[in-house]
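Working notes, beginning with the structure itself.
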Amino acid sequence: MTPDEATGATGAEEPLRQRLTRALFARPGRAQLGVAALCGLLAFALVTQVRTTAAGSGTLASARPDDLVSILADLSGRADRLRSQVADLQRSEALLTNGSTRDSAALAQARSRAQTLGILTGTLAARGPGVVLTIQDPQLQVRSDIVLNAIEELRDAGAEAMQIAGTGGVVRIVTSTAVGDLGSRITVDGVALTAPLRLVAIGDSRTLSTALSFPGGAVDAVDAAPGAHAIVTASPAVSVTALRALAAPRYASPAPAPTP
Amino acid sequence: MIVLLAVAVGVSLGLVLQPTVPLDLQPYLPIAVVAALDALFGGVRAWLEHIFDDRVFVVSFVANVLVASLIVYVGDKLGVGGQLSTSIVVVLGIRIFSNAAAIRRRVFRA
């Protein structure tokens, strides 16, 4: 880059390499100083800029206001979108939680109602506090009206589940249970039972035993029969295990709930 | 020779001093560097074509840098600084490319 090269007087045919070598080792002139200073400045600025960019401090700090504004708008738009997404998800989460709690509550309610109905209708075994009425009757003098009387007394006293057992079978006593006589034996719902009889009732045991053993009550009635003897035993835990098949009603169907 | 020396000095100064660019200068430095690169390539091309002149080089170098920075400055004032600096980079890039093509043709004769 010597000044005399710029005239192009000799360089046209001179090979490039020779010319470069000559330019490199030529005595530096005064004019070259300016060029050199500018090139040095350029190198300095280049390195500085590269370092600034590489340092990463230039990402936001050196961005223009316009760019910053657009970045900010981008970010706030995205934040808005995400926020609405969060709200959506929270709503559906609440919906699902609500639904599942309502469902499980309804399920638990239906299950407990089914259990209640099963105990009342005799399709489920039951256990709880209650009394056991044992009737010893070797001469078969106890008639059905005495047994029926005992059952009615127990019902009045709040017995929730009952069964009667004798030689011949075990019968769950429900609302439709019928008691009758067959010769000298007693039939309960068509099952012939022979003494000793064992009547189990679940309920408040004190109330139940009082209902059976008051003067002139069921126990007295049994004891009045020749050779017969009745014992009431209250117990904190008795079980009613006899079951009864539930027949679907043939004629009755649920009536629609009355509208207020 | 002295030019290479100056380049070496500039690079080592930049590395050693680790200068931080003042905030006011930050938008202009990259543009100025690109403009200077353009001037440099123009100078190399002129040298290869035997029409190199120190004075022309110095003036074109300084003018390139100043005009580029001025345009970006005006653009910043008008609110289109980003777009203007992009356009300057594009224009200077095209010029650098064409200069590089001319240099290549001179050096490799192809």
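Residue numbers begin at 1 in each chain, while the letters A, B, ... track the order of the sequences.
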Check: So which residues of residues 69-77 of chain B are in contact with chain A at a heavy-atom cut-off of under 4.5 Å?
Finding: V72(B), D76(B)
Item checked: Residue pair L42(A), F61(B): steps toward the side chain to side chain contact (heavy atoms under 4.5 Å, CB included) verdict -> CA-CA 10 Å; L42(A) 170 60; F61(B) 187 104; 4.0 Å; yes
Check: Any idea which of L33(A), L46(A), L41(A) has the most non-hydrogen atom pairs under 4.5 angstrom with chain B?
Finding: L46(A)
Next item on the list: Considering non-hydrogen atoms only, spot the tightest contact between L29(B) and A45(A) and give its length.
Entry: CD1-CB, 4.0 Å
Checklist line | chain A contact via V11(B) - which portion, at a heavy-atom distance below 4.5 Å | finding: both
Next item on the list: Identify the residue among L13(B), V33(B), V9(B) that makes a side-chain contact (heavy atoms from CB on, under 4.5 Å) with F44(A).
Entry: L13(B)
Item checked: Partner chain B: residue of V47(A), L38(A), T48(A) with the largest heavy-atom pair count (under 4.5 Å) -> L38(A)
Next item on the list: Can you tell which part of L40(B) gets under 4.5 Å to a heavy atom of chain A, answering side chain, backbone, both or neither?
Entry: side chain
Next item on the list: Quick one: which of A46(B), S85(B), P30(B) has the most heavy-atom pairs under 4.5 Å with chain A, could you say?
Entry: P30(B)
Item checked: Greater than 12 external heavy atoms within 6.0 Å of F41(B)'s CZ -> no
